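Keep in mind the model is a prediction, meaning the values are calculated, not measured. One-based numbering, in listed order, for ligands and for the atoms of each. Along the sequence shown, the residues carry numbers beginning at 1.
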Amino acid sequence: MKIDLKILDPRMREQLPAYATPGSAGLDLRASLDAPLTLAPNAWQLVPTGIAIYLRDPGYAAMILPRSGLGHKHGIVLGNLVGLIDSDYQGQLMVSAWNRSPTPYTLQPLERLAQLVIVPVVQAQFQLVDEFPPSVRGEGGYGSTGTA
Ligand SMILES: O=c1ccn([C@H]2C[C@H](O)[C@@H](COP(=O)(O)OP(=O)(O)OP(=O)(O)O)O2)c(=O)[nH]1
Ligand SMILES: [Mg+2]
């Protein structure tokens with residue numbers, strides 16, 4: 001699948017998001033920073049990525065997710081937990097970098113700080129009803145199927 005991509009930070013021309021392995025689901029996004037950025041414990045900052053994408057087709061969206069190494073080892077996750085990129089968004093991809101750890105972390109310029117996953121989307125219409133046909137689950141949830 002081809003997606004329109006605009007380069008906003010010329011350094012990204014050599015560092016386009018790419019799948020690291022043939023089976024990768026995520027494209028790493030880099031920090032478009034001019035200088036290192038230190039995130040104090042529990043601080044968060046909107047970090048530009050230097051690129052914009054235009055998915056165009058409402059049958060797709062993109063999600064920004066944390067990288068497991070940064071998230072698990074250094075506590076760098078996302079201030080919005082998950083970023084959802086609409087198919088009609090044309091602005092710069094931004095990453096809300098949140099240091100949820102008790103230790104400061106310094107993001108380096110061009111460091112890969114999050115990943116982008118392109119996903120299919122279904123846009124639903126609602127059909128108003130008074131009753132649902134019965135299902136096995138019904139209204140059960142919140143552990144209703146037990147723990148064993
Ligand atoms: O981590 C993110 C999340 C969102 N966006 C961009 C793309 C997305 O299409 C747009 C709007 O995001 P969202 O709908 O989640 O934010 P909102 O607070 O509902 O803003 P809006 O009223 O503009 O929809 O912001 C990012 O660049 N990074
Ligand atoms: Mg919105």
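Listed by number with element, the atoms of ligand 1 under 4.0 Å from a non-hydrogen atom of G83 are 1 (O), 2 (C), 3 (C). Of all the atoms in ligand 1, the ones that sit under 4.0 Å from a non-hydrogen atom of I64 are 1 (O), 28 (N). Heavy-atom contacts of Q92 reach the following atoms of ligand 1: 27 (O) (cutoff under 4.0 Å).
There is a protein heavy atom closer than 4.0 angstrom to atom 9 (O) of ligand 1. In this structure, atom 20 (O) of ligand 1 has its sub-4.0 angstrom surroundings free of protein heavy atoms. Protein heavy atoms are absent from the space less than 4.0 angstrom from atom 17 (P) of ligand 1.
A side-chain donor-acceptor contact under 3.5 Å links Q115 to the backbone of P66.
Using a 4.5 Å heavy-atom threshold, the side chains of R11 and D34 count as touching. The side-chain heavy atoms of I53 and P17, taken from C-beta on, include no pair separated by under 4.5 Å.
N42 and W98 are linked by a side-chain donor-acceptor pair at a separation below 3.5 angstrom, with hydrogens and angles left out of the test. Judged purely by distance below 3.5 Å, without hydrogens or angles, the side chains of T38 and T106 pair a donor atom with an acceptor atom.
The closest non-hydrogen atom to atom 12 (O) of ligand 1, taken over V95, L84, L46, comes from L84.
Remark: of the listed residues L5, L8, L116, L5 is the sole one forming a side-chain contact (heavy atoms from CB on, under 4.5 Å) with I51.
Of the protein's non-hydrogen atoms, N80 ND2, 3.0 Å is the one closest to atom 1 (O) of ligand 1. In terms of protein heavy atoms, atom 25 (O) of ligand 1 is closest to Y89 CE1, 4.0 Å. Nearest to atom 27 (O) of ligand 1 among the protein's heavy atoms is M94 N, 3.1 Å. The shortest contact between atom 5 (N) of ligand 1 and any protein heavy atom is with I85 CD1, 3.6 Å.
Residue pairs meeting the salt bridge (Lys or Arg N to Asp or Glu O under 4.0 Å) criterion with at least one member in residues 64-81, sequence neighbours excluded: D28-R67.
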Kindly list each side-chain donor-acceptor pair under 3.5 angstrom involving residues 128-148, sequence neighbours excluded, with atom names and distances?
from	atom 1	to	atom 2	distance (Å)
S135	OG	G138	N	3.0
R137	NH1	G140	O	3.2
S144	OG	G141	N	3.3

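At a 3.5 angstrom cut-off on N or O pairs, D86 counts as close to ligand 1.
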